[in-house]
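Only one structure is covered here, and it is reproduced in the block below.
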Number of protein chains: 2
Amino acid sequence: MQLTLSRKEQIEQTATALFKSKGFSATSMRDLATALGIEAASIYSHIKSKEEILQRVCFRMANEFFEALAKAESAPSSATEKLKNAIVAHVLVLTSNTAASAVFLHEWRHLSEPFLADYLLLRDQYEARFRSIIKEGIANGEFTVPDEKFAVLTIFSGLNWIHTWYNPAGKMTPVQIAENLSAMLLNGLKNNNN
Amino acid sequence: MQLTLSRKEQIEQTATALFKSKGFSATSMRDLATALGIEAASIYSHIKSKEEILQRVCFRMANEFFEALAKAESAPSSATEKLKNAIVAHVLVLTSNTAASAVFLHEWRHLSEPFLADYLLLRDQYEARFRSIIKEGIANGEFTVPDEKFAVLTIFSGLNWIHTWYNPAGKMTPVQIAENLSAMLLNGLKNNNN
DNA sequence: TATACAACCTAACGTTCGTTAGCAAATTAA
DNA sequence: TTAATTTGCTAACGAACGTTAGGTTGTATA
């Protein structure tokens, strides 16, 4: 556990919080400087450009999601369990840093090429891993879904909204959230006991 | 059915498309003017400010959602049917204009006061209507959910992602999407027939 | 003690931004 | 035919933007 952040990391963290709350475009370098208590020009002793911050946040988060998914997939089990593990892994990354997650999920479109293309490729690869779990579940009868693309979209939409309301100081722990979400996505709202 | 749009409506429509694809802040009045084939200054013969466009889109969509929900709620039925009707109504509004929906859902934070406060109040009122349907379903045993706030959040996240992938020229009709979504949210992925 | 480096400063650059003023042409209504 | 309205133009405003240049200070290293 690193106790002290380098100045560059401090800048990135502060910028991420601003990007989440105001958006990338609406956050000026002068806003960021004010939040850091320095002048806007001083930031350029540490970073090359405003977009560099966005790039670093987006690709660092992409890495975290892939690593978490790899661990979740490693234990061979049923599609149901695989999906549940993948959902839990995804939620844990999301809740571990809601600001960076929000930027990763919503501000990526401000990346310039070739970063934008790289980002979209990674995202598609990530979603494909979920699709194949669902396909497996459909094939062996665990799941009943009209369309696996549709199912994946619904799962991700449920997951990727968490950062807007998750509060680390709230009642639910990340694991509880993940368990509830996967239960709801797998079983639905309906009471199936009667 | 109105066949010709007033110039003001054309501007609003073109702006909405740009706001969806680039975001409000990243869309300049000169971008909008270029898309319309006129000069930026000419736009001000029709509107007062850039934000006025955003305000009109946001509150017009809010109205549409409320009206659709009112109709869906009018027929007294079970909580399950009420919820399904409300979901269908919501999806139909979303798919009827994905650009305006995207702006409504994602660009509202660029509203200035007092419009921002008004918007947030409306949104909370709308969500409260869904919460009360869920509460009713929990109370009479139709639903089994750990937390109704959590359930509503998950429902909305599933619904409000549609605009990112829905294609009017695609295979699924809005009604089919709505039916599939409500089925998935109510019953989950799991095959409950065995 | 001398050197290097990290961190920040002031001043300013060229650009883009939303918007206004004032005017002209075309279309519609009286 | 005249008047009003709609729709657009050019030119320009002040402000904000991302960024660069060049210099100063304090701290850690040799």
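Per chain, numbering begins at 1; letters A, B, ... match sequence-line order. Because the structure is a prediction, the values reported are computed rather than measured. Only heavy atoms go into these numbers, but all of them, side chains included; no hydrogens, no water, no symmetry mates.
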Exercise. Does B:K20 use its side chain to pair, donor to acceptor, with the backbone of B:H163 at less than 3.5 Å?
Worked result: yes
For this session: State whether the side chain of B:Q55 and the backbone N or O of B:F59 hold a donor-acceptor pair below 3.5 Å, judged by distance alone.
Result: no
N/O contacts under 3.5 Å, protein versus nucleotides 8-11 of chain C?
residue : atom : partner : partner atom : Å
C:dC8   : OP1  : A:R7    : NE           : 3.1
C:dC8   : OP1  : A:R7    : NH2          : 3.2
C:dC8   : OP2  : A:R7    : NE           : 2.9
C:dC8   : N4   : A:S45   : OG           : 3.4
C:dC9   : OP2  : A:E39   : N            : 2.6
C:dC9   : OP2  : A:S42   : OG           : 2.6

Which distance, rounded to the nearest 0.5 Å, do you find between the [atom1] of [X] and the [atom2] of [Y]?
X      : Y      : atom1 : atom2 : result
A:I162 : A:S101 : CD1   : OG    : 9.0 Å
A:E148 : A:F143 : CD    : CZ    : 12.0 Å
B:C58  : B:R123 : SG    : CZ    : 11.0 Å
A:L32  : A:I38  : CG    : CD1   : 7.5 Å

Problem set entry | N-O pairing of A:K71 and A:E67 below 4.0 Å |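 Between A:E67 and A:K71 there is no salt bridge, as every charged N stays at least 4.0 Å from the carboxylate O atoms.
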Exercise. Does A:F130 have its ring centroid less than 6.0 Å away from the ring centroid of A:Y126?
Worked result: yes
Problem set entry | A:Y119 ring center near A:F104 ring center (under 6.0 Å) |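 When the ring centroids of A:Y119 and A:F104 are compared, they turn out to be within the sub-6.0 Å range.
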Nearest whole Å is fine: how far is [N] [atom2] from [X] [atom1]?
X     : N      : atom1 : atom2 : result
B:R30 : D:dC9  : CZ    : P     : 13 Å
B:M29 : D:dA16 : CE    : C1'   : 17 Å
A:Y44 : D:dT20 : OH    : C1'   : 10 Å
B:L32 : C:dC17 : CG    : P     : 12 Å
A:K48 : D:dT19 : NZ    : P     : 11 Å
B:I43 : C:dT20 : CD1   : C1'   : 14 Å
B:I47 : C:dT20 : CD1   : P     : 10 Å
B:E9  : D:dT7  : CD    : P     : 11 Å

Problem set entry | Within residues 14-28 of chain A, residues whose heavy atoms come under 4.0 Å of DNA chain D |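 Going residue by residue through residues 14-28 of chain A, the ones with a heavy atom under 4.0 Å of DNA chain D turn out to be A:T27, A:S28.
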For this session: Map A:K8 and B:D31 onto DNA chain C by nearest heavy atom, then report which one ends up closer to the 5' terminus.
Result: A:K8
